[in-house]
Amino acid sequence: MTRTWLFKSEPDEFSFDDLLTRPDQTEPWGGVRNYQARNHLKEAGLGDRVLIYHSSIAEPCVAGVAEIVRTAYPDPSAFDEASPYHDPKSDPEAPRWFAVDVRAVARLPRPVTRTAMKAHPALAEMRLLRRGMRLSILPVEPDELEVVLALGGWELRDVQPVDL
DNA sequence: GCCAACGTTGGC
DNA sequence: GCCAACGTTGGC
C-alpha cells in the first residue's frame, strides 16, 4: 500500500529545485531530530510519495513530488562530529536517528500555497494545517493528496511510480 | 520581528 | 516524576 508523506524543507537550505539537480535526482533526507517525525520516517516504504513543502518563506507551499527510493537507514550525520546534526547520544550500535533517500518525481505545474490549502474545505483536517504543527515529517491522507495535486494542476495518475 | 506551540533539559 | 526554564519551529 503506497502512502504519502509531507517533508518540510527550508528552500534556502534545500529546495525542490536542488533535488532536481542532484545525481539521479536523488538525495538522502536526514537530520530529523524529533522522535515523532523519526517514527514517520521509519514507516515510509519504497515507492511512497513525498510532497516536498517549502517552509519559513513568505509564501510557504508544496513545490513538488518525490518518492522514497531507499527506506530508513541509520542517519550518518548523527555520528559525524562535524555535522550540525551530530548527536553524541546516538550509539552506532543502536542508532537513534534515521534517514531515507528521496528521488524527484516532478515539480508541480504550479506550487500549492499554504493559503490555497487552507482555503480548501477538503483540506480542513490536514495535519500540516493544524495549529502549532511543527513536525517536519507528516503523513498525508489519500484524499488530501488528490486535492493538493489538483490544486497544483496535476492528477493522481501523474505521480504513480512508473514501476508499479 | 513577534509570538504561540511544543520539545527538551535539568534541578529538585 | 514533576515542572520551570529555555530553545526551536515556523506562520504571520
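Each chain gets a letter, A, B and so on, in the order the sequences are listed, and its residues count up from 1.
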query: Nearest to the side chain of A:Arg134 - C:dC12, B:dC6, C:dG10?
result: B:dC6

message: Can you measure A:Leu128 atom CG to C:dG10 atom P for me and round it to whole angstrom units?
response: 10 Å

task: In plain terms, say whether A:Arg38 and A:Asp75 are close enough for a salt bridge, that is, a side-chain N and a carboxylate O under 4.0 Å apart.
output: no

- request: Using atom CD1 of A:Ile57 as one end and atom P of C:dC12 as the other, report the distance to the nearest whole Å.
  value: 12 Å

Ring centers of A:Tyr35, A:Trp97 separated by less than 6.0 Å: yes

query: Rounded to whole angstroms, how far apart are CE on A:Met133 and C1' on B:dG7?
result: 13 Å

- prompt: Between A:Asp101 and A:Trp29, do the side chains contain an N or O donor and an N or O acceptor separated by less than 3.5 Å?
  reply: no

Nucleotide of C:dG11, B:dT8, C:dT8 approaching A:Tyr53 most closely (side-chain heavy atoms): C:dG11

- request: Could you check how far CZ of A:Arg127 sits from P of C:dG10, rounded to whole Å?
  value: 14 Å

query: OP1 or OP2 of C:dG10 less than 4.0 angstrom from a side-chain nitrogen or oxygen of A:Arg114, does that happen here?
result: no

message: Measure CG/A:Leu135 against P/B:dT8 and give the value in whole Å, please.
response: 10 Å

Rounded distance (Å) that lies between atom C1' of B:dC6 and atom CG of A:Leu138: 14 Å

field: A:Arg96 CZ to B:dG7 P, straight-line distance once rounded to whole Å
entry: 16 Å

- request: Would you mind checking if A:Asp87 and A:Arg33 are paired as a salt bridge, meaning a charged N to carboxylate O distance below 4.0 Å?
  value: no

message: By nearest atom, which of the nucleotides C:dT9, C:dC12, C:dG11 is closest to the A:Lys118 side chain?
response: C:dC12

Protein-nucleotide distance (A:Arg38, atom CZ; B:dT8, atom C1'), rounded to Å: 15 Å

- prompt: Looking at C:dG11, B:dG7, B:dT8, which one has an atom nearest to any side-chain atom of A:Pro60?
  reply: C:dG11

query: Counting side-chain heavy atoms from CB outward, which of B:dG7, C:dG10, B:dT8 is closest to A:Lys8?
result: C:dG10

message: We want to know whether A:Asp18 and A:Thr21 form a side-chain donor-acceptor pair, criterion being a heavy-atom distance below 3.5 angstrom.
response: no

